[in-house]
Structures are given as C-alpha cells and as structure tokens.
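Below is one structure, written out as structure tokens, with a few remarks after it.
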Amino acid sequence: MRLSSAALGSIVFFIVTPGIVAGAMPLWISGARFHAPFQGYPMMQAAGAILIAGGVVSLVASFARFVWEGRGTPAPIAPTDALVIGGQYRYVRNPMYVAVLAIIVGQALLFASIPTLVYAAAIFALVHTFVVAYEEPTLLDTYGDAYRAYTARVPRWLPRIPRR
C-alpha cells in the first residue's frame with residue numbers, strides 16, 4: 001500500500017473507531033461532568049488525566065507505526081503489508097487496545113463515572129474476544145512463523161518490562 005493511502009486510511013479509521021469507542025461514547029456515558037465521588041480527590045482526577053494523555057500519545061504513535069513500518073492501516077479491511085513489531089510493539093502486542101482502554105478508564109476516573117468504568121470492562125471483553133478469535137489467527141495465517149516467534153516473546157496485554 002502507498003504511504004499516502006495508508007496515512008489517509010489510518011486517519012479515517014482513527015476518527016471513526018477510537019474516536020467513537022474511546023472518545024464520544026465515554027463522554028456520552030459520563031455526561032462529561034465531574035461527579036461527586038472524586039470531587040475533593042484531585043489525585044484521582046489527575047490520574048485520570050494522565051491516563052488519557054498517555055493513552056492518546058500511545059494511540060497516535062501506534063497508528064503512525066502502522067503507516068510507516070507496516071505500510072497499511074489498523075483497519076482489518078486495509079491491513080499492513082508487513083508485521084508491525086517495532087516501537088511499543090516490542091513490549092506489548094496490542095498497544096492500541098491498551099491505549100484505548102487507558103483513555104476510557106482515564107475518563108472514568110476524571111469524571112468519577114462508574115458507568116464509564118463498566119463500559120471499559122465491556123470494551124475489554126469485546127476486544128479480548130476479537131483478538132483471540134479473529135486477529136491472532138489471521139495474523140498467524142498471514143505471517144506464519146514470524147508471528148509465532150513474536151507472540152512467544154511479547155505479551156498480549158501487560159507490557160514486558162525491558163531488562164537492563
């Protein structure tokens with residue numbers, strides 16, 4: 001895939017998928033209002049803001065990596081030409097999903113919204129099922145031994161801490 005096509009496709013996918021799942025839906029669920037449980041607990045709100053900021057940075061970096069390294073998009077309909085294993089992908093196989101969950105949980109903390117936290121748990125359950133049932137078998141079929149070796153050294157959800 002051409003670099004310009006990969007970039008445009010990734011931008012559209014970014015707006016549509018994480019934009020709705022991690023942006024619009026949590027804001028709608030929480031009402032984007034600060035609720036009583038954490039008012040007066042600025043550390044919880046600060047933790048939420050840090051999770052949101054870190055998640056957004058991680059998500060943008062992951063999307064960029066798909067364009068530059070993979071020459072494709074994260075969308076299943078326009079996949080990468082190459083297996084993406086650089087950057088954050090050296091430490092965790094699914095940094096985009098981890099970032100999306102961080103953004104949602106961050107909003108739950110920022111707005112003290114239990115329903116948003118429940119939404120985060122539901123999204124994790126859906127994403128985990130999608131990864132195990134569709135994404136991993138598809139990547140194994142596409143990239144074979146290279147993907148098998150990658151999964152042997154990089155964890156699915158919790159980042160591997162590099163050894164020094």
Trp28 CH2 to Ile20 CD1 distance, which is reported to the nearest 0.5 Å:
13.0 Å
Close side-chain approach of Met44 and Leu110, heavy atoms under 4.5 Å
no
Is there a donor-acceptor pair closer than 3.5 Å between any side-chain N or O of Asp81 and the backbone N or O of Gly70?
no
How close do Phe63 and Pro18 get, counting heavy atoms only, and between which atoms?
CZ-CG, 3.8 Å
Over all atoms of both residues, closest heavy-atom pair of Asp145 and Arg148:
OD1-NH1, 2.5 Å
Has Arg160 got a side-chain atom pairing as donor or acceptor with Arg90's backbone, closer than 3.5 angstrom?
yes
Should the ring pair Phe124 and Trp157 be called parallel, tilted or perpendicular, given that the plane angle runs from 0 to 90° and is split at 30 and 60?
perpendicular
Pair Met96-Leu59, side-chain contact (heavy atoms from CB on, under 4.5 Å): steps then yes or no
CA-CA 5 Å; Met96 280 187 211; Leu59 191 58; 4.0 Å; yes
Could you pull out the closest heavy-atom pair between Glu69 and Ala82, with the gap in Å?
O-CB, 3.9 Å
Does Tyr119 use its side chain to pair, donor to acceptor, with the backbone of Val21 at less than 3.5 Å?
yes
Test item: Asp141 and Tyr147 side chains (from C-beta on) under 4.5 Å apart, heavy atoms
no
Just by modelled atom types, is the Gly54 backbone N or O under 3.5 Å from a matching donor or acceptor in the Ser58 side chain?
no
Check for a donor-acceptor pair, side chain of Ser113 on one end and backbone N or O of Thr116 on the other, with a separation under 3.5 Å.
yes
In short, Ile52 meets Ile103 closest at the heavy-atom pair CG1-O, 3.7 Å
Indicate the atoms forming the closest heavy-atom contact of Ala22 with Val100, along with that distance.
CB-CG1, 3.9 Å
Can you find a heavy atom in the side chain of Val92 that is under 4.5 Å from one in the side chain of Leu158?
no
How about Arg65 and Val60: do any of their side-chain heavy atoms sit closer than 4.5 Å?
no
Quick one: salt bridge (Lys or Arg N to Asp or Glu O under 4.0 Å) pairs with a partner in residues 93-104, sequence neighbours left out?
Arg93-Glu136
Walk me through it: do Leu27 and Phe111 pass the test side-chain contact (heavy atoms from CB on, under 4.5 Å)?
CA-CA 9 Å; Leu27 288 172; Phe111 297 119; 3.8 Å; yes
Within this structure, what is the CD1-CD1 distance for the pair Ile29 and Ile104, rounded to the nearest 0.5 Å?
8.0 Å
Looking only at heavy atoms, which two atoms of Gly23 and Gln107 are closest? And how far apart?
O-OE1, 3.9 Å
Quick one, Tyr89 and Tyr150 - any side-chain contact, counting heavy atoms below 4.5 Å?
yes
Using 30° and 60° as the class boundaries, would you call the ring planes of Tyr97 and Phe130 parallel, tilted or perpendicular?
perpendicular
